[in-house]
Amino acid sequence: MRAPKGMLDVLPPESARWIDVIERFASRAERFAYGLLLTPIVEHYEVFARVGETTDIVRKEMYEFVDRGGRRLALRPEGTAPVVRAFVQHRPPTPWKVWYLAPNFRAEQPQAGRYRQHWQLGAEVIGIDDPDIDVEVIELLWGFCHDLGLRDVRLLVNSMGDADSRARYREVLLAYWRAHEALLGDEMERAEANPLRILDSKRSDWLEMLERAPQLGEYLTDASAAHFERVQEGLRALGIPFEIAPRLVRGFDYYTSTVFELTSGALDTAQNAIGGGGRYDRLAEEMGGPAAPSIGFGSGIERLLLACDAEGVLPVPPPRLDAFVVDLVGVADTTRLLAELRESGLAADRAYGGRSPKKQFTAADRSGARWAVIVGPDEAKRGMVAVKDLRSDKPQCEVRREEIAAWLLTGKDEAHS
Ligand code: HAM
């Protein structure tokens with residue numbers, strides 16, 4: 001038996017990096033006053049249908065099924081629609097600032113950096129259209145990538161304008177696609193449904209056509225242009241370098257106004273986006289809720305880790321084990337001793353199954369523990385245990401049995417300071 005195609009297992013010790021990444025994100029999100037939101041992995045199909053009738057992610061790549069009650073459900077392909085659905089359902093006070101950690105499912109052709117299940121860390125702010133919040137959201141993602149140690153990162157920003165800006169632009173763009181109908185072929189249908197969808201294509205035979213296409217920036221209304229200008233000012237004030245990418249339109253139908261993407265120069269260009277997001281000022285209303293202009297981003301954990309590998313940062317953290325108990329006497333006190341160590345806050349382990357002393361010492365070495373705590377017959381009689389520092393050549397010493405936890409904790413603190 002194997003895991004489904006394009007879906008990964010994450011095993012220890014690699015999984016320790018996941019804890020590291022998630023903790024860094026959680027800590028930053030909490031500092032920015034975002035609360036954790038957990039939503040179901042499945043939603044009613046309609047929740048996602050609205051986010052991308054003209055996107056492949058919804059049209060061709062969703063994992064959908066009918067449950068035993070005859071409901072049409074889908075595995076989450078992305079994180080924004082569930083957040084907005086939860087907002088519309090619960091109506092929390094705005095601005096509603098939330099972060100999330102969740103697996104997403106897209107039946108894409110798997111390749112390096114592109115999987116059928118991927119995990120995203122993300123944040124969304126619902127119910128506010130202040131451009132300063134756009135800056136905050138970008139700052140959150142940018143700072144997080146810096147926390148991981150990533151440096152070869154580019155921030156691309158663009159504005160998709162408001163509804164008026166886009167209505168004017170769509171007409172011009174559609175006329176342009178119609179003039180290139182022969183080259184577009186079957187994709188002409190998609191161009192008619194959503195002219196913007198063609199812009200971010202990576203097809204090499206379209207390169208010239210795409211480069212010459214009219215640009216959205218020229219069709220922004222004054223209000224949209226002012227919003228975008230304010231976002232840029234904010235980024236400059238924070239010293240966050242960015243590039244304006246006029247053809248960045250992002251892959252979902254819900255985007256309006258500010259859109260952005262972080263790309264890693266250390267990854268292959270085909271899958272180099274380590275995070276992306278933007279405004280979706282109409283989505284809450286489209287889902288039957290109140291008007292609630294909103295913005296957010298998602299960042300793929302697998303991609304972040306590939307970028308970290310490529311930059312040689314964020315290695316697997318060393319084992320966290322403090323002590324490995326080696327029992328040369330018999331089990332009763334060892335069980336209690338191990339429990340005491342763990343309850344006092346130390347990470348501790350032992351071997352099971354009545355292993356020989358030699359095998360226990362091998363296991364202690366392999367465990368990566370800092371100390372072996374040895375319960376030997378002579379020491380036990382005197383109320384002592386032996387301690388061996390496994391990471392140095394220091395000779396082993398004896399510590400009073402009832403003081404061992406405190407002794408190890410002190411040693412651990414000293415090692416950290
Ligand atoms: P997205 O650009 O589709 O946006 O995905 C966000 C990030 O998830 C990407 O930048 C990438 O790092 C990662 N990712 C996407 N697809 C895959 C895949 N097949 N395999 C591995 N990693 C992947 C969204 O999902 C939006 N919900 C982002 C957003 C939030 N916009 C507003 N708020």
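The structure presented is a predicted model; accordingly, all values stated were derived computationally and were not measured. Both ligands and their constituent atoms are indexed starting at 1 by order of listing.
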Novice: Under 6.0 Å from the ring centre and within 45 degrees of the ring axis: does the NZ or CZ of R350 meet both conditions for the six-membered ring of Y352?
Specialist: yes

Novice: Between F25 and F144, does the ring centroid distance fall short of 6.0 Å?
Specialist: yes

Novice: State whether Y219 and R168 meet the cation-pi test: NZ (Lys) or CZ (Arg) under 6.0 Å from the six-membered ring centroid, and within 45° of the perpendicular axis.
Specialist: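 Relative to the ring axis of Y219, which defines the angle, R168 lies outside at least one limit.
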
Novice: In terms of the angle between their ring planes, are Y34 and F32 parallel, tilted or perpendicular, with boundaries placed at 30° and 60°?
Specialist: tilted

Novice: Evaluate whether atom NE2 of H44 has more than 12 neighbouring non-hydrogen atoms of other residues, nucleotides or ligands under 6.0 angstrom away.
Specialist: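 At most 12 heavy atoms, drawn from other residues, nucleotides or ligands, come within 6.0 Å of this atom.
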
Novice: Protein residues near ligand 1, heavy-atom distance below 4.0 Å?
Specialist: E78, G79, T80, Y100, R106, E108, G113, R114, Y115, H118, Q120, E124, R250, F252, Y254, Y255, A273, I274, G275, G276, G277, G278, Y280, G296, F297, G298, G300, R303

Novice: M160 pairs by side-chain contact (heavy atoms from CB on, under 4.5 Å) with which of V249, D281, T258?
Specialist: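 So, applying the side-chain contact (heavy atoms from CB on, under 4.5 Å) to M160 and each of V249, D281, T258, only V249 qualifies.
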
